[in-house]
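All remarks here apply to the structure that follows.
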There are 2 protein chains.
Amino acid sequence: MTKGERTRRRIIDSASELFAKSGYLAVSLRDIAAHAGLTHAGVLHHFPNKEAMLLRVLSRRDEVNAPLVLGPDVDPRKLVDNLVTITERNTGTPGLVALYAKLSVEATDPEHPAHAYFQGRYRILRERLTEAFAVLLADRPGPSPAVAAQQLLALMDGLQTQWLLDPDSVDMRAAVVSFTRILGLTGPECPGPTDQS
Amino acid sequence: MTKGERTRRRIIDSASELFAKSGYLAVSLRDIAAHAGLTHAGVLHHFPNKEAMLLRVLSRRDEVNAPLVLGPDVDPRKLVDNLVTITERNTGTPGLVALYAKLSVEATDPEHPAHAYFQGRYRILRERLTEAFAVLLADRPGPSPAVAAQQLLALMDGLQTQWLLDPDSVDMRAAVVSFTRILGLTGPECPGPTDQS
DNA sequence: GTCTATACGGGGATAGAC
DNA sequence: GTCTATCCCCGTATAGAC
């Protein structure tokens with residue numbers, strides 16, 4: 001591992017920690033640089049701009065969550081479980097949840113650097129969920145697998161906004177589990193992995 | 001109408017237009033001032049700071065939509081219809097949808113000027129929807145009225161993100177109507193006001 | 001009351017020395 | 001690869017012209 005790679009890693013670790021604690025806007029390049037042990041100009045030698053660092057932080061998180069949903073070997077029932085698990089896990093990292101929520105909406109602007117990234121991300125997620133739901137919902141009344149996929153993704157995103165605004169107002173996990181149950185994606189037996197998390 | 005009032009109006013019109021196009025953070029006081037035909041210091045004569053302008057823009061839009069949901073004389077069934085109507089209407093004003101979506105997520109930050117505004121907005125909406133659903137869902141299986149309220153609001157918000165990213169990927173109205181139907185808020189008869197919109 | 005001119009501290013980004 | 005110095009823009013504040 002070269003010196004540059006080590007420095008880049010230090011920078012991203014610092015950015016990740018500071019972003020998660022205080023959000024993207026409240027943290028300056030000078031803050032990150034100081035935390036990583038160099039000047040803000042030094043940081044910008046390794047990343048073209050602040051936003052590129054943010055995207056790097058987020059994509060590193062995707063490397064953790066993506067296999068739970070997009071992996072080749074997750075069967076439909078397990079995929080639904082994993083979505084609940086991700087929702088649970090999100091409850092522990094409000095900083096990162098806020099970052100993702102902010103970026104996905106900002107990226108709504110076609111000129112935004114992350115526009116294509118999020119377009120592709122949602123398209124792939126919808127496709128993957130549609131496939132899984134087609135199996136689980138075969139011949140059930142209610143929405144088509146494609147619509148159910150849109151709905152579940154939208155629900156998860158929208159719940160985050162309400163939860164970030166007022167954490168006590170919403171139980172994200174309960175709302176997601178409840179939705180999978182009315183759709184018929186989950187049996188009424190057990191709400192997921194465990195009830196305590 | 002005094003000269004001051006006309007200027008204030010011009011400023012808010014400009015701010016509304018620019019915020020809708022680019023979001024709150026990306027638009028500067030100098031941008032707004034130039035669009036309204038004065039200097040940024042002139043703008044700050046009419047509004048104490050940028051935050052006050054934002055809140056003024058938000059409250060002006062609420063004057064249109066709020067009666068459809070929060071009005072004292074909307075009965076439960078009509079309220080559900082109105083939510084579908086708002087969803088339909090949103091399809092025609094992507095700029096305003098983007099503004100609200102961006103702001104509601106930005107405002108997740110406790111330091112954000114509109115934080116309290118959006119906290120209160122969601123709280124009231126949840127309360128109002130919970131009351132209405134309590135009537136419509138009496139003794140039905142599925143989520144409690146409170147959870148159903150959280151879910152429907154979350155669904156509407158999340159659909160907007162997907163729709164703004166890729167308008168052809170999602171039919172917001174269809175997804176909302178479908179959801180009200182599985183909940184049992186709407187009978188299977190008619191999907192709402194009309195099917196063509 | 002309405003507005004311009006100007007200044008301050010802090011932000012992201014760039015140029016060029018070392 | 002990292003620094004210092006610099007640039008321009010931001011929100012905000014004040015002084016003063018009309």
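Keep in mind that what you see is a predicted model, and the values were worked out from it rather than measured. The chains referred to below are lettered A, B, ... by the order of the sequence lines, with proteins before strands, and numbering in each begins at 1.
Residues that satisfy the side chain to side chain donor-acceptor pair (under 3.5 Å) test with A:E131, not counting sequence neighbours, are absent from this structure. Contacts of B:S16 classified as side chain to side chain donor-acceptor pair (under 3.5 Å), with partners at least two apart in sequence or in another chain: none. In this structure B:H112 satisfies the ring-ring contact (aromatic ring centres under 6.0 Å, His included) test together with B:Y24, sequence neighbours excluded. Remark: B:H115 engages B:Q119 in a side chain to side chain donor-acceptor pair (under 3.5 Å) (not counting sequence neighbours). Scored by the side chain to side chain donor-acceptor pair (under 3.5 Å) test, B:R9 finds no partners at all (sequence neighbours excluded).
Interatomic distance, CG of A:L155 versus CG of B:L159, reported as 9.5 Å (0.5 Å rounding). Atom CG of B:L125 and atom CZ of B:F118 lie 10.5 Å apart (nearest 0.5 Å).
Pairs of residues two or more places apart, or lying in two chains, never qualify as salt bridge (Lys or Arg N to Asp or Glu O under 4.0 Å) while including a residue from residues 157-168 of chain A. Residue pairs meeting the ring pair (Phe, Tyr, Trp, His ring centres under 6.0 Å) criterion with at least one member in residues 147-184 of chain B, sequence neighbours excluded, are A:F179-B:F179.
We find that A:R123 and A:E127 are joined by a salt bridge, their nearest charged nitrogen and carboxylate oxygen being less than 4.0 Å apart.
Overall bending of the helix from C:dG1-D:dC18 to C:dC18-D:dG1, expressed as the angle between end axes built from five pairs apiece, is 20° (10° steps).
Taking only side-chain nitrogens and oxygens, B:T39 comes nearer than 4.0 Å to OP1 or OP2 of C:dT4. Within the 4.0 Å cut-off from OP1 or OP2 of D:dG1, at least one side-chain nitrogen or oxygen of A:H45 is found.
Heavy-atom distances under 4.0 Å link DNA chain C to B:K3, B:G4, B:T7 of residues 1-22 of chain B, given in residue order. Only at 4.0 angstrom or more do the heavy atoms of residues 103-117 of chain B sit from any atom of DNA chain C, so none qualifies.
Checking A:S28 against A:D31 by side-chain atom types alone, a donor-acceptor pair falls below 3.5 Å.
Counting side-chain heavy-atom gaps under 4.5 Å among Ile, Leu, Val, Met, Phe, Trp and Tyr, B:M1 is found in no cluster with other residues.
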(message) Please encode protein proximity along nucleotides 5-18 of chain D as a string of B, S and -, counting only heavy-atom distances under 4.0 Å.
(response) B----SBBB-----
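For the pair B:R61 and B:Y100, the cation sits on the ring face: its NZ or CZ lies under 6.0 Å from the ring centre, inside 45° of the axis.
Between the C1' atom of C:dG12 and the CZ atom of A:F47 lies a distance of 16 Å, rounded to the nearest Å. Between B:L38 atom CG and C:dC3 atom P there is a gap of 6 Å when expressed in whole angstrom units.
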